[in-house]
2 protein chains.
Amino acid sequence: MKRSYEELTKELKMKNIRLSHQRLKVLEYLTIHMDHPTVDQIYNGLHKEIPTLSKTTVYSTLSALADAGLVRIINIEDNEARYDIRVADHGHFKCESCGTIYDFQANIDSLTTVDLKRFDIKDKNLYFKGCCPTCLVGKNEASLSK
Amino acid sequence: MKRSYEELTKELKMKNIRLSHQRLKVLEYLTIHMDHPTVDQIYNGLHKEIPTLSKTTVYSTLSALADAGLVRIINIEDNEARYDIRVADHGHFKCESCGTIYDFQANIDSLTTVDLKRFDIKDKNLYFKGCCPTCLVGKNEASLSK
DNA sequence: TTATTATGTTGTAATGATTACAATATTGAT
DNA sequence: ATCAATATTGTAATCATTACAACATAATAA
């Protein structure tokens with residue numbers, strides 16, 4: 001999923017988004033870190049390389065990229081947005097124990113119902129919550145040792 | 001969907017939730033107002049009847065009811081949670097123009113994928129965004145009059 | 001290249017939903 | 001009626017996100 005600086009430049013141009021070092025770097029960060037990072041993680045990750053980077057810029061860049069359809073904003077919990085470079089149809093599973101967000105295949109389009117016949121649907125989101133296999137192992141061990 | 005105070009009392013007892021006037025009233029409010037209200041709307045709606053009501057109580061009550069599975073928290077936008085008394089499987093459509101949240105039928109269980117075979121799924125959420133029929137009419141009229 | 005204009009970036013300060021907490025009140029059980 | 005556990009209340013804190021104004025940079029045309 002990692003793409004070169006040049007490829008990313010082309011993607012932004014195609015979407016008519018003005019080029020800037022910051023925007024390219026945010027986009028690049030998302031292609032490398034596909035674990036649905038928070039704004040803070042993106043900011044901290046890029047801060048070393050771009051010491052003048054402002055968190056406001058990260059927010060406005062992500063908002064611009066999302067508007068252009070290059071990035072998807074994930075709102076699962078109400079306390080912190082996550083960002084995903086994968087814009088194709090898929091679901092998210094958030095483990096309530098470790099906080100990890102997993103991607104999973106899902107044909108969301110198959111769900112479209114008659115209830116929404118006259119609605120203009122722009123964005124479809126599917127997310128599950130629960131406990132991931134890794135954390136389930138930990139829980140089982142904990143209950144066995146009681 | 002409206003239920004009597006006595007019926008709601010039974011529901012709370014069945015879930016082993018301690019009874020209080022505030023909790024019953026919050027629950028009752030949700031059975032009457034099924035338009036996915038915010039905490040502020042619930043608080044303001046009940047404030048007349050219960051002048052001593054605190055917003056903290058509304059939060060903690062909703063949290064307790066959600067834990068018991070009597071209420072569903074809807075996080076579509078990141079800025080404000082909405083609450084829904086309908087806990088059965090269904091999707092939400094949020095109109096980005098007027099802000100209304102519509103319910104729609106959807107068999108979310110049919111989506112379960114192999115990717116999540118070993119996951120313990122506790123909660124499934126589906127939401128779409130876009131423009132509702134009412135607002136679409138307004139937009140068409142606006143573009144015609146240009 | 002240079003000048004011009006539009007747009008992006010930055011830092012600080014505000015916003016606003018949600019939570020923490022301690023004092024008080026109420027519930028449920030004995 | 002008493003008592004322990006839990007709920008309510010009000011205030012203050014938290015913290016992600018946004019507003020804004022000064023400044024910097026990118027795109028465009030000469």
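As a basis for the values below, the full set of heavy atoms in this structure was taken, side chains included, without hydrogen atoms, waters or symmetry mates. Proteins get letters first, then strands, A, B, ... in listed order; numbering begins at 1 in each.
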### Query
Does the side chain of Thr52(A) get closer than 4.0 angstrom to OP1 or OP2 of dT10(C) through an N or O atom?
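Yes, within the criterion.
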### Message
The test is side-chain contact (heavy atoms from CB on, under 4.5 Å); show your working for Asp115(A) and Asp103(B) and say whether it passes.
### Response
CA-CA 8 Å; Asp115(A) 293 9; Asp103(B) 291 306; over 6 Å; no
### Task
Look at all strands and tell whether Ala64(A) reaches a base, only sugar-phosphate, or nothing, counting heavy atoms closer than 4.0 Å.
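Ala64(A): no heavy atom of the nucleic acid under 4.0 Å.
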Side chain of [X], backbone of [Y]: donor and acceptor closer than 3.5 Å?
X        : Y        : value
Glu49(A) : Leu46(A) : no
Arg82(B) : His36(B) : yes
Thr57(B) : Leu53(B) : no

### Query
When you list every nucleotide of DNA chain D with an atom under 4.0 Å from a heavy atom of chain A, which one comes first 5' to 3', and which comes last?
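Going 5' to 3' along DNA chain D, contacts run dA16(D) to dA27(D).
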Give the rounded distance in Å between these two atoms: [atom1] of [X] and [atom2] of [N].
X        : N       : atom1 : atom2 : value
Lys55(B) : dT18(C) : NZ    : C1'   : 10 Å
Glu80(A) : dT19(C) : CD    : C1'   : 15 Å
Tyr59(B) : dT18(C) : OH    : C1'   : 5 Å

### Task
Check each residue of residues 10-43 of chain B for a non-hydrogen atom within less than 4.0 Å of any atom in DNA chain D, then write out the ones that pass by number, or none.
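Result for residues 10-43 of chain B: Arg18(B), Ser20(B), Gln22(B), Arg23(B), sorted by number.
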### Task
Please work out whether the ring planes of Tyr29(A) and His33(A) are parallel, tilted or perpendicular, with thresholds of 30° and 60°.
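If you compare the ring of Tyr29(A) with that of His33(A), the planes turn out parallel.
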### Message
Can you work out whether Asn75(B) or Val58(A) has the more 5'-proximal nearest nucleotide on DNA chain C?
### Response
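Its nearest nucleotide being more 5', the pick is Val58(A).
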### Task
Measure from the ring center of Phe104(A) to the ring center of Phe119(B) and say whether it is less than 6.0 Å.
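No, the ring centres sit 6.0 Å or more apart.
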### Query
When you check the side-chain N and O atoms of Tyr5(A) and His21(A), is any donor under 3.5 Å from an acceptor?
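Yes, because at least one side-chain N or O of Tyr5(A) sits under 3.5 Å from a partner of the opposite role on His21(A).
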### Message
Do the side chains of Asp40(B) and Lys55(B) get close enough for a salt bridge, i.e. N-O under 4.0 angstrom?
### Response
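Yes, Asp40(B) and Lys55(B) are salt-bridged.
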